[in-house]
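Read the structure below first, then the notes.
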Amino acid sequence: MSTLPVALLSSALATPPAAAADSTPPFWTSLLMVLVVFGITMTLVPLMVLAERRISAWMQYRVGPNRVGIGGSLQPLADLVKMLFKEEVQPDGVRGFLFTLAPATAAICSLSMMAVVPIGGTLAIGGWSIPLVVADCDIGVLVVLALSSIGVYGITLGGWASNSKYSLLGGLRSSAQMISYELTLGISLLSVLVVSGSFESGSFRLSEIIRHQAESGLWNVVRLPLGFVLFTIAAFAETNRLPFDLPEAEPELVGGYHTEYSAMRFGLFFLGEYAAMVAGSSVIVCLFLGGWHLPWLAPAVTVGPGGAVVQVCVFLAKVLAFLFFFIHVRWTLPRLRYDQLMKFGWKWLLPLSLVNLLFAGAGAALGWF
Amino acid sequence: MLSERFAFLLFAAIALVGAVNVVTRRNPVHAALWLVGSFLGVAGLFLTLGAGLLGAIQVMVYAGAIMVLFLFVILLLNLETTPFEGLSIARGASLLAAAATLALVVVPFATAKELRAPATPDLPELPATAGNVANALFTKYALPFEVVSLLLLIAMVGAIHLARRPRRGEPA
């Protein structure tokens, strides 16, 4: 091992002088961040579609799509072309405007969630300090919750506007399910905010939560293991993934809320689901798994360009690992029955999340963390 | 600030257009959706006032949770579009009353030479962060806050009591 790479790495990771990083960056850096984050999301989505099919094939001892491109790598592109050029079928009795608005809502809400997710710390370059997040607003985490609760409309309305009983039932199931699990999601989130001291500072920025984990060197998953499990389960339900994909249970409801959808309108629902998975994984990584922080590597919040690249790579690696977990669960667990789903949400998850909140509050008050 | 005024006008217009459509749409689902739009407009108004927390809560609680439940019930009951029943004396009277109320609100504003905010000497200029809102709710306004929550509880118990089927041998 030569010492040169190590020296380069450590010089890249070193915190630049504080005086260099205090002026506000120009406006176009925000636009650049939008492009970067949107690009990352829109790269991860087709990657996920492909990974889902290949991993499911691997788990079921099949081959999976391997014809388009090397090892099937261009399959998502082929799917996209197919969706764009297929005929857009609009059944009779469909409410036209809402029928189009519904998939758009689903896709827009999931994609916008990434706006408050920091993909790295703060980049200090050329005298500017640029936070590596599109919108570092005070209400950060709440924006995620708000967008996910608006996203429910996409599915509910899609079901109603389709003028089909299967779609309607799928839409109704989804709204009931998402409301039930949103409570658990919100209360588990509260426990994270309590241990991160967000209520003292009055800021719900994800970057602050990560900074707290990085500076104390302890990830929230260690502080709140129960909260992590609860939040993850609720996130699975919010993204309508197995074992919680009741809204589109094929044996009972055909395709559920998207039964009547075809071509790119269906594609938008599809995009929304996978983007929600990417955003959900990113939020979980930020809240519980330390975001861009890796112990002994790039511990500083403010870094130079090299450190920023390392941080973004660490963040992406964590997100990808979690996405793999998402896929693995889908092809492992069977689907819950509807009454089991409701019982599980209200009688188990909700009380447990309250216990977890109590634990977090007691821990914060007694200084356990 | 021009952009601030523009944002205010935009969100106020969204809230008002939504509100008008809530009461004029004949399809209950459309009415509920316009109400969601109106709530989003109000959330935007909170944001222009720098009250991000209230804006987020407005979206999460009202536009998100409560309206999804409304929509859920409307879809479950499969409500039909109400036909226009024409004008009756009662309808005409209520229209007149509504117009008079609107005039009572609008005329003073339209004829006033200048608009001044009412004096609020006991309200300190604090940003509406979670900590400040919580402090206000749980210290100074603890009693009103608890009374309001009791009121909501009473309404809920009452609604459940009214909707409940009477048990056998019990007078309806």
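Reminder, nothing fancy here: chain letters follow the sequence lines and each chain counts from 1.
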**OP:** May I have all residue pairs that pass ring pair (Phe, Tyr, Trp, His ring centres under 6.0 Å) and include part of residues 168-197 of chain A, sequence neighbours excluded?
**Re:** A/Tyr181-A/Phe244
Original post:
Closest heavy-atom contact between A/Ser149 and B/Met60?
Top reply: OG-CA, 3.9 Å
Subject >> residues 149-161 of chain B: residues contacting chain A (heavy atom under 4.5 Å, by number) >> reply: none
**OP:** Could you have a look at A/Leu147, A/Leu157, A/Leu193 and say which one has the most heavy-atom pairs with chain B under 4.5 angstrom?
**Re:** A/Leu157
Which pairs would a plain distance check flag for residues 30-54 of chain B, meaning a side-chain donor or acceptor within less than 3.5 Å of a matching protein atom at least two apart in sequence or in another chain?
residue, atom, partner, partner atom, Å
B/Ser38, OG, B/Ala15, O, 3.0
B/Thr48, OG1, B/Leu45, O, 2.6

Original post:
If you tally heavy-atom pairs under 4.5 Å against chain A, which of B/Val61, B/Val68, B/Leu76, B/Leu69 wins?
Top reply: B/Val68
Subject >> Proximity breakdown for A/Leu183 and chain B, heavy-atom pairs closer than 4.5 Å >> reply: neither
Original post:
Side chain, backbone, both or neither: which part of B/Asn27 has a non-hydrogen atom closer than 4.5 Å to chain A?
Top reply: side chain
**OP:** Could you tell me whether A/Phe344 atom CZ has more than 12 heavy atoms of other residues or ligands within 6.0 Å of it?
**Re:** yes
Subject >> Shortest non-hydrogen contact from B/Ala65 toward A/Ile179 >> reply: O-CD1, 4.1 Å
Subject >> Side-chain heavy-atom pair A/Thr156, B/Phe72 within 4.5 angstrom cut-off >> reply: no
Original post:
Hey, which residues of residues 136-144 of chain A are touching chain B, say heavy atoms under 4.5 Å apart?
Top reply: A/Ile139, A/Leu142
Subject >> Shortest non-hydrogen contact between B/Ala56 and A/Ala146, atoms and distance >> reply: O-CB, 4.4 Å
Original post:
How many angstroms lie between atom OH of A/Tyr153 and atom CG of B/Leu71, to the nearest 0.5 angstrom?
Top reply: 6.5 Å
**OP:** Verify the neighbour count for atom CG of B/Leu162: are there more than 12 heavy atoms of other residues, nucleotides or ligands below 6.0 Å?
**Re:** yes
